Every structure is written in structure tokens, then in C-alpha cells.
There are 2 protein chains.
Amino acid sequence: MGTTQLESVPEPKYWHLKTVLTDALDSEFAVGEILPNERELAARFGVARATLRQALEQLELEGRLQRRRGVGTTVAPPRVGVAVGDTGQTWPGTETWEPVDSEAAAPPTAVARLLDTVPGELAHTVRRIRRSHGQAVAAELLYVPARSVPGLTGIDAPTGPARARLVLRELQRLPLEGQDQSVELGSARADDAKELDRLPGAPVLLVTTRYIVAGRTAAVAVATYRADTCRLTFGDAGMQLLAG
Amino acid sequence: MGTTQLESVPEPKYWHLKTVLTDALDSEFAVGEILPNERELAARFGVARATLRQALEQLELEGRLQRRRGVGTTVAPPRVGVAVGDTGQTWPGTETWEPVDSEAAAPPTAVARLLDTVPGELAHTVRRIRRSHGQAVAAELLYVPARSVPGLTGIDAPTGPARARLVLRELQRLPLEGQDQSVELGSARADDAKELDRLPGAPVLLVTTRYIVAGRTAAVAVATYRADTCRLTFGDAGMQLLAG
DNA sequence: CAGTGGTCTAGACCACGTC
DNA sequence: ACGTGGTCTAGACCACTGT
């Protein structure tokens with residue numbers, strides 16, 4: 001960079017490093033290429049490894065790098081656009097989401113509030129995975145209160161995907177009126193992290209969807225998207241790719 | 001916590017610390033309360049300050065804490081829900097967004113691609129701030145290509161908010177057909193960080209909106225929302241609050 | 001096994017807000 | 001001036017992935 005900005009407000013080293021690396025990534029590296037290891041890079045830039053890591057962390061957060069323990073640091077492909085909004089009046093994703101299993105469990109209190117159930121009340125809890133180009137991009141927990149699927153009261157206890165599909169089939173019978181969504185930043189719980197092939201605590205985008213049937217909340221889904229690789233799209237059509 | 005889990009897969013200290021602190025925040029602290037300082041907390045938990053900081057960082061990312069240099073660490077209020085989608089066929093926010101200024105500038109190449117202009121071509125670039133309860137929650141750059149506002153060719157060069165309002169008024173004359181949006185994780189540029197009262201590099205949610213008029217992209221907005229304090233809402237109505 | 005990134009330590013100094 | 005969080009260092013060891 002040409003910014004020799006008089007140091008009146010000295011730029012942190014890791015910040016400057018980040019811009020240097022960003023430029024290098026743009027000009028000298030191809031997607032998938034492996035960078036030199038952290039000790040080498042730190043030495044080359046004359047900083048401590050912790051400082052170098054601070055810069056790498058930000059670049060990973062921005063989706064420019066991908067780091068894997070035991071392997072190395074590679075240049076990440078541009079983020080994938082995944083459609084999350086605008087499914088309109090149809091229940092989402094028999095193709096996009098892959099059922100994993102289902103059980104009766106008490107939803108977190110925040111979800112119970114949305115479902116308008118009493119805390120501690122059980123709900124069918126369906127676990128699903130969303131894949132894109134073979135990679136898992138999101139893990140979801142879909143909470144369906146018993147009142148929404150009365151046909152399932154005396155469930156014959158199949159397990160795994162079969163049971164999940166059973167709940168979903170019952171749910172999809174209902175006439176969906178609309179949905180609410182919200183997006184916020186979070187960190188991956190241990191189980192989600194495992195399925196998304198990330199470390200616990202990795203930054204994720206939490207998408208909470210409230211499905212409305214007959215004026216009430218019939219189900220709530222909390223989906224955990226990998227923040228490093230995903231760009232969530234809402235609206236008419238998938239947007240073209242962005243970068244930087 | 002009671003998890004004395006055999007250490008077969010030893011939990012990182014900062015992760016365990018985080019859960020301990022989370023529980024403490026839920027039970028023993030009120031919103032706005034000031035925590036003991038980092039050196040004290042680190043000593044109390046018997047870890048190095050860097051390790052303690054790793055836990056605090058995650059909690060800040062999740063919107064549970066707010067840290068300010070020279071002041072201290074406080075317990076954050078629940079995230080604010082801010083409506084970003086579903087403005088329908090109306091141009092957004094004469095009330096929510098406060099115009100700051102405007103100039104003719106070449107948009108970043110990613111934006112130029114969306115606008116379908118040649119790279120380097122100038123566009124009216126309007127800067128706006130969005131406030132919620134007095135706090136700045138988002139900074140936006142709205143790019144309007146000259147072709148969208150032909151009435152503004154020989155602009156008489158007012159400056160600041162006046163000029164911004166001029167461009168907006170002209171834009172809002174157009175019949176809006178629809179919009180596309182995408183959300184991704186980013187880190188705050190220095191100028192945005194300043195207006196959002198955060199440090200450069202702070203985690204933000206980047207919302208890119210494409211405004212469609214007569215089948216074309218009439219304008220593109222890139223809004224930078226504080227990821228720590230905001231929950232973006234899409235759809236029918238603002239969702240009730242969530243926590244955890 | 002060697003090499004990678006992930007965690008952790010015990011210090012130091014700096015920038016900022018408040019008093 | 002003082003106390004806060006922010007940056008930075010130079011080490012150490014651990015967990016994971018590949019060969």
C-alpha cells in the first residue's frame with residue numbers, strides 16, 4: 001500500500017498486514033492455493049505469530065482464506081449465494097435440506113416464546129443439513145409443537161431420517177400462509193460445528209424462521225449457516241457474485 | 001458448570017470459560033452492569049489475560065458483552081431487531097435513514113458489476129446513517145448511476161446532506177418494481193467503524209440491496225450493520241426478541 | 001512420523017476515557 | 001494521572017492430518 005500516513009494515528013500492525021495480504025491474494029494467488037505456513041509468514045513479515053494470526057483470522061472471517069488444522073491455509077473461493085428468503089407460500093426445501101433425525105425435546109426458551117408454548121413443553125425437533133456443491137453449508141433445528149401435527153401423537157418410533165421425514169410430511173400438509181425471518185451473528189455450538197466441519201465457536205449466521213399457519217406460529221426453524229463461506233440471499237432472484 | 005467430562009476430548013479453556021461466563025451473565029448480572037476488569041477476571045479464573053480475552057471476544061460477538069477502551073466491559077442489552085427486508089414497492093426509509101452527504105465516485109468493481117456499468121464509471125454515491133434509539137446501527141453507501149437520475153446531470157454542487165437529499169429525491173421519483181438482497185459477514189472499514197463507534201475490523205453484517213426499476217438495476221446499496229447489536233429481520237412483521 | 005494450525009502463557013507497551 | 005481495553009512479543013505445548 002502507498003499509505004505512508006504520517007503515523008499520527010498509527011495503524012495496528014495486524015490491520016496493515018491484512019491489507020497487504022488482501023492485495024497479495026488478489027494479485028498473486030489462485031483459489032485453492034496453499035499459503036506458506038504461519039511461522040514462515042510471520043518471519044517473512046517480521047511479526048510475532050500471534051500478530052500474523054490476528055490478520056489471518058480477519059481474512060478467514062471475510063471469506064478470503066480457509067484454515068484447516070494439520071493441513072494449512074488455503075485461498076478460499078468466492079462465497080456461495082444461498083437462497084433463504086422468498087420461498088413464498090411453499091414449505092422449504094425437500095431438495096435443499098436433507099433430514100437427519102428427529103426426537104421429542106423441549107425447545108430453548110427463546111424458541112418456546114416464538115412458538116407460544118410453555119417452557120419445558122416438548123416439540124418434535126427435526127434436524128436437517130443443507131448441502132451446496134457437496135459441502136454442508138447449514139445445520140438446522142426445526143421445532144414443531146405437537147398441536148401443529150395432531151396426526152403424530154402416537155408415533156411408532158421409527159428413528160433417524162425416517163422419523164424426520166414423517167414429521168416433515170405431516171407438517172407440509174398444512175397450508176403455509178407466510179413466514180418471518182431474522183438473521184444474526186452467532187458462534188457455532190459444538191454439534192453444529194462438527195457437522196459443518198468447523199471448530200466450535202466458529203462464526204455463523206443464525207437464521208430464525210417462523211412459519212405461519214392460520215395466523216399462528218406452526219413451527220420455528222433455527223438454521224446455522226457457515227459465515228465464512230455463505231452469502232444469504234433474499235428476494236426475487238439469486239444475486240450475482242460479489243467480492244470485496 | 002458441572003461438566004467434568006473425563007477430558008477424553010479436552011475442552012479448550014477459553015471455551016469452558018465462555019460457558020461459565022454465560023451462565024454468570026444470565027444469573028448474576030443486570031444489563032448495563034460493569035464487569036471486573038480483564039486483569040482481575042483473568043486472575044480470578046487462573047488464566048492468562050489473552051485466554052480470558054478470547055472468551056470475552058466470543059461473548060461480544062454473540063452480543064452478550066460490550067467492551068469499550070478506557071471504560072470497561074459491560075453487559076449488553078438484547079439485540080435490536082431492525083427491519084431490512086419487505087419494504088415492498090416503496091423506497092426505503094426517509095425516516096430510518098439520515099442522509100450525510102453525496103459525491104460522484106467510481107463504485108467498487110463488485111458494485112459496478114451489479115449496476116451493469118463499466119468499471120471506473122462514476123455514480124452518485126450517497127452516504128446515509130441509520131439510527132435506532134439514538135444509536136447508529138448502520139452506515140450505508142447508496143450508488144446511483146447517472147442514467148437512473150438524468151435530471152441531475154448539471155448538478156449545482158450543494159454539499160453535505162442537502163446534496164444527498166437532492167439525489168434521493170430524484171431517485172424516489174422512479175417507480176420501484178422490487179428488490180434483491182443479500183447478507184454476509186464482513187469486517188468494518190475504517191470510516192464505517194468510526195461512524196458506528198466501533199474499532200476498524202469489527203464484525204459487521206453487510207447487506208447488499210439491488211433496486212429494480214423497469215427490469216434493470218437502478219441503484220445498489222451496501223449497508224454495514226453492527227453485528228454485535230443488530231438482528232436483521234425480514235418478512236411480515238418484526239419478530240419478538242430472541243436470546244441465546 | 002513430521003508439519004500444520006490451535007491453545008496458552010507471562011510479560012510489555014500503547015490509545016483512550018474519565019477524573 | 002490513572003485505569004481501562006487494545007496491541008504485540010517470544011516462547012511453549014497440544015491436536016490434527018498427512019505420509
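Labels below follow one simple rule: chain letters A, B, ... track the order of the sequence lines, proteins then strands, and each chain is numbered from 1. This one's a predicted model, so the numbers in the text were calculated from it and none came from an experiment.
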Would you call B:Asp191-B:Lys194 a salt bridge at under 4.0 Å N-O? no
Can you give me the N/O atom pairs linking the protein to nucleotides 17-19 of chain D at distances under 3.5 Å, or say none if there are none?
none

Give a yes/no answer on whether the side chain of B:Thr73 brings an N or O atom under 4.0 Å of OP1 or OP2 in D:dT4. no
Under the salt bridge (Lys or Arg N to Asp or Glu O under 4.0 Å) rule, collect the residues that match up with B:Glu33, sequence neighbours excluded. none
Mind checking whether B:Gln181 and B:Val207 have side chains closer than 4.5 Å, heavy atoms only? yes
Sorted by chain and residue number, the salt bridge (Lys or Arg N to Asp or Glu O under 4.0 Å) partners of A:Glu195 (sequence neighbours excluded) come out as A:Arg127
Rounded to whole Å, please give me the gap between CZ in B:Arg68 and C1' in C:dA15. 16 Å
Residue list, salt bridge (Lys or Arg N to Asp or Glu O under 4.0 Å) with A:Asp101, at least two apart or on another chain: none
Polar atom pairs (N or O), protein with nucleotides 8-10 of chain C, under 3.5 Å:
| unit_1 | atom_1 | unit_2 | atom_2 | d |
| --- | --- | --- | --- | --- |
| C:dC8 | OP1 | B:Lys13 | N | 2.2 |
| C:dC8 | OP2 | B:Tyr14 | N | 3.2 |
| C:dT9 | OP1 | B:Lys13 | NZ | 3.0 |
| C:dT9 | OP2 | B:Ala48 | N | 2.8 |
| C:dT9 | OP2 | B:Thr51 | OG1 | 2.4 |

Kindly calculate the angle separating the two end axes of the helix from C:dC1-D:dG18 to C:dT18-D:dA1, each obtained from five base pairs, and round it to 10 degrees. 10°
What residues, two or more places apart in sequence or in another chain, satisfy side chain to side chain contact (heavy atoms under 4.5 Å, CB included) together with A:Asn37? A:Arg39, A:Glu40
Look at the side-chain N and O atoms of A:Arg67 and state whether any lies under 4.0 Å from the OP1 or OP2 oxygen of C:dT4. no
Is the distance from OP1 or OP2 of D:dG6 to the nearest side-chain N or O of B:Arg53 less than 4.0 Å? yes
Mind checking B:Leu199 for me? I need base, sugar-phosphate or nothing, with any heavy atom below 4.0 Å counting as a touch. sugar-phosphate
From CG of B:Leu41 over to C1' of D:dG3, roughly how many Å is that when rounded to an integer? 15 Å
Output a table of donor-acceptor pairs, distance under 3.5 Å, between side-chain atoms of residues 220-229 of chain B and any protein atom two or more places apart or on a different chain; print 'none' if there are none.
| unit_1 | atom_1 | unit_2 | atom_2 | d |
| --- | --- | --- | --- | --- |
| B:Tyr225 | OH | B:Arg130 | NH1 | 2.9 |
| B:Arg226 | NE | B:Asp228 | OD1 | 3.1 |
| B:Arg226 | NH1 | B:Leu196 | O | 3.1 |
| B:Arg226 | NH2 | B:Asp228 | OD2 | 2.8 |
| B:Asp228 | OD2 | B:Arg198 | NH1 | 3.0 |

Within this structure, what is the CD-to-P distance between B:Glu57 and D:dT7, rounded to whole angstrom? 9 Å
Sorted by chain and residue number, the side chain to side chain contact (heavy atoms under 4.5 Å, CB included) partners of B:Ala123 (sequence neighbours excluded) come out as B:Pro107
Which residues pass the salt bridge (Lys or Arg N to Asp or Glu O under 4.0 Å) test with B:Asp26, not counting sequence neighbours? B:Arg64
Can you confirm whether B:Ile34 is buried at CD1, in the sense that more than 12 heavy atoms of other residues, nucleotides or ligands lie under 6.0 Å from that atom? no
Taking atom P of C:dG17 as reference, at what distance in whole Å does atom CD of B:Gln66 sit? 14 Å
Going by heavy atoms closer than 4.0 Å, what residues in residues 32-40 of chain B are next to DNA chain C? B:Arg39
Side chain to side chain contact (heavy atoms under 4.5 Å, CB included) against B:Ala112, all qualifying residues, sequence neighbours excluded: B:Thr117
Is there a donor-acceptor contact under 3.5 Å from the side chain of B:Thr22 to the main chain of B:Lys18? yes
Do B:Arg128 and B:Glu98 sit within salt-bridge range, that is, some charged N less than 4.0 Å from a carboxylate O? no
